[in-house]
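All values below were derived from every heavy atom in this structure, side-chain atoms included, with hydrogens, water molecules and symmetry-related copies excluded. Nothing fancy with the numbering, it's 1 onward along the sequence. We count ligands from 1, going down the list as the structure has it; atoms in each ligand are counted the same way.
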Amino acid sequence: KRPGGGGGYAFFTKELAERDLQERIMTLDLSRALAGNDFEFAFQPIFRRADRAVVAIEALLRWTNRRTGEMVPPARFIAAAERSGIISRIDHWVFARVAAYVSGLVTRGIAPPLTMINMSPLTLEEAGFIAGIDQILRKFPDIGGHLCIEITEGVMVDDRVRLRETFRKLGDRGIRTAIDDFGTGQTSVALLRDIPVGFIKIDRSYVAGLETDPQAMAIVATIVRLSRDLGIRVIGEGVETQEQLSALETAGCDLIQGYLWSRPIAAAEVEALLERADAT
Ligand code: C2E
Ligand code: CA
Ligand code: CA
Ligand code: CA
């Protein structure tokens, strides 16, 4: 039974309509932002613990809505973009821009680290996905080996055969793959055996639990051991404290990403970081 009777129902639908309208407006804004190249990137370095070498960077999208002047967090506009379907245009745009960025590094003699790109599983499921990737790779033929596509694991289970095929095709093109937010979805660990995955990223919630929760420690250590046996590399995400860093080391995870060592930074800072590493 509805509390508040008919008035409550009217209020409820009004709220839904309001939300729907907001999303339509955001979709239009996003569409305009794509046309106007209004997006930017921040890059977060991923370090090897032993020597603090930058082994990878993750491209994270940044959007300031030109109409409102508001900086919209990706968690919000990506979710809206997935609901409206504009996500695949955004993901292909991101791939093309990151490809151009990495190609630019190569041209200037800077060895690019592995560059990780987030993509919605919805984009990978589209029929024209690989064709779209190929179109971009034709423009930047030298960069396939420097790229890695990250997918969150939640949606993977439904379409495992299709996804396996897509991952394999990416692999044929030299593009590595990663499962993001590992441990939050439904992926059985055995699935890792069947799908060609280069990396998993242990979700921030497990990393945060490492300090206080002995079970989190046991789970992470098991994931790391199993991944190693399968030839999959493990990145610990959202590392904020020295204690988390030490616990990850104890668990055998030597690739780390998090505010403790670096927040997401601008492209120019990435280059400074890489050139510094080059000089030593
Ligand atoms: P994600 O892929 O899990 O990315 C990591 C998020 O955690 C980033 O937030 C990053 O800034 C944040 N982070 C990194 N280190 C720490 C830490 O030590 N502590 C805490 N509390 N947070 C940390 P961001 O940039 O706001 O991105 C949020 C999500 O938006 C991403 O989560 C990803 O799912 C999505 N996203 C970002 N860029 C793209 C994109 O280009 N395409 C798609 N499809 N999704 C994107
Ligand atoms: Ca990610
Ligand atoms: Ca993540
Ligand atoms: Ca996430």
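Residue Arg66 places its CZ atom among 12 or fewer non-hydrogen atoms of other residues, nucleotides or ligands, all under 6.0 Å distant. Within 6.0 Å of atom CZ in Arg228, 12 or fewer heavy atoms from other residues, nucleotides or ligands are found, so the atom counts as exposed in its surroundings.
Annotation: side chain of Met116 is not in contact with side chain of Asp180 (no heavy-atom distance under 4.5 Å). Residues Tyr206 and Ile219 form a side-chain contact, since some pair of their non-hydrogen atoms from C-beta on lies under 4.5 Å apart. In this structure, Phe95 and Asp91 have side chains that are not in contact, with every pair of non-hydrogen atoms separated by 4.5 Å or more. Two residues are said to be in side-chain contact when any heavy atoms from C-beta on lie closer than 4.5 Å; Asn65 and Met26 fail this criterion.
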Dump the intermediate steps for salt bridge (Lys or Arg N to Asp or Glu O under 4.0 Å) on Asp20 and Arg24, then the final yes or no.
CA-CA 6 Å; Asp20 188 56; Arg24 277 162 199 261; 3.0 Å; yes
Give the intermediate values and the outcome of salt bridge (Lys or Arg N to Asp or Glu O under 4.0 Å) for residues Arg32 and Asp29.
CA-CA 5 Å; Arg32 214 172 296 137; Asp29 285 342; 3.5 Å; yes
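Look at Arg138 and Asp134 and you find no salt bridge, because none of the NZ, NE, NH1 or NH2 atoms lies under 4.0 Å from a carboxylate O.
Contact annotation: for Asp180 versus ligand 1, heavy atoms closer than 4.0 Å belong to the side chain alone. Only the side chain of Asp91 comes within 4.0 Å of ligand 1, judged by heavy-atom distances. Neither the backbone nor the side chain of Gln244 has a heavy atom within less than 4.0 Å of ligand 1. When non-hydrogen atoms are compared, ligand 1 lies under 4.0 Å from the backbone of Leu61 as well as from its side chain.
Restricting Asp180 to its N/O/S atoms, the shortest distance to the Ca ion (ligand 3) is reached by OD1. The closest approach of Glu150 to the Ca ion (ligand 2), by N/O/S atoms, is made by OE1.
Using a 4.0 Å cutoff on heavy atoms, Ser120 counts as a contact of ligand 1. Residue contacts with ligand 1 leave out Arg263, since none of its heavy atoms falls under 4.0 Å from the ligand. Under the 4.0 angstrom criterion for non-hydrogen atoms, Glu237 is in contact with ligand 1. Residue contacts with ligand 1 do not include Lys201, since none of its heavy atoms lies under 4.0 Å from the ligand.
Within the listing of ligand 1, atoms 41 (O) sit less than 4.0 angstrom from a heavy atom of Val94. Of all atoms in ligand 1, numbered sequentially from 1 with element shown, those under 4.0 Å from a heavy atom of Gly238 are 16 (C), 17 (C), 18 (O). Those atoms of ligand 1 that come under 4.0 Å of a heavy atom in Asp181, given as number and element, are 3 (O). Taking a cut-off of under 4.0 Å to the non-hydrogen atoms of Gln44, the atoms of ligand 1 that pass are 14 (C), 15 (N). Annotation for ligand 1: atoms under 4.0 Å from non-hydrogen atoms of Glu58 are 2 (O), 4 (O). Distances below 4.0 Å separate heavy atoms of Pro264 from the following atoms of ligand 1: 11 (O). Numbered from 1 in the order shown, with element, the atoms of ligand 1 that lie under 4.0 Å from a heavy atom of Pro74 read 24 (P), 25 (O), 26 (O), 27 (O), 28 (C), 30 (O), 37 (C).
When only interatomic distances are considered, the shortest N/O to N/O separation between Gly258 and ligand 1 does not fall below 3.5 Å. Taking distance alone, with nitrogen or oxygen atoms compared against 3.5 Å, Tyr259 approaches ligand 1 more closely than that limit. Between Gln257 and ligand 1, no N or O atom pair is found at a separation short of 3.5 Å.
Considering CD1 of Ile202 and CG of Leu255, their distance stands at 10.5 Å, rounded to 0.5 Å. The line from CZ of Arg162 to CD of Glu165 is 10.5 Å long, rounded to the nearest 0.5 Å.
Here the shortest heavy-atom pairing between Pro121 and Ile151 reads CG-CG2, 3.7 Å.
Here Glu58 meets the criterion, with an N, O or S atom under 3.0 Å of the Ca ion (ligand 2). In summary, Asn118 places an N/O/S atom under 3.0 Å from the Ca ion (ligand 2), meeting the contact criterion.
At the Ca ion (ligand 3), the vertex angle linking OD1 of Asp181 with OE1 of Glu237 is 100° (nearest 10 degrees).
Judged by distance alone, with hydrogens and angles left aside, the side-chain atoms of Arg176 form a donor-acceptor pair with the main-chain N or O of Gly145 at under 3.5 Å. With hydrogens and angles ignored, the 3.5 Å screen pairs a side-chain donor or acceptor of Thr177 with a backbone N or O of Pro196.
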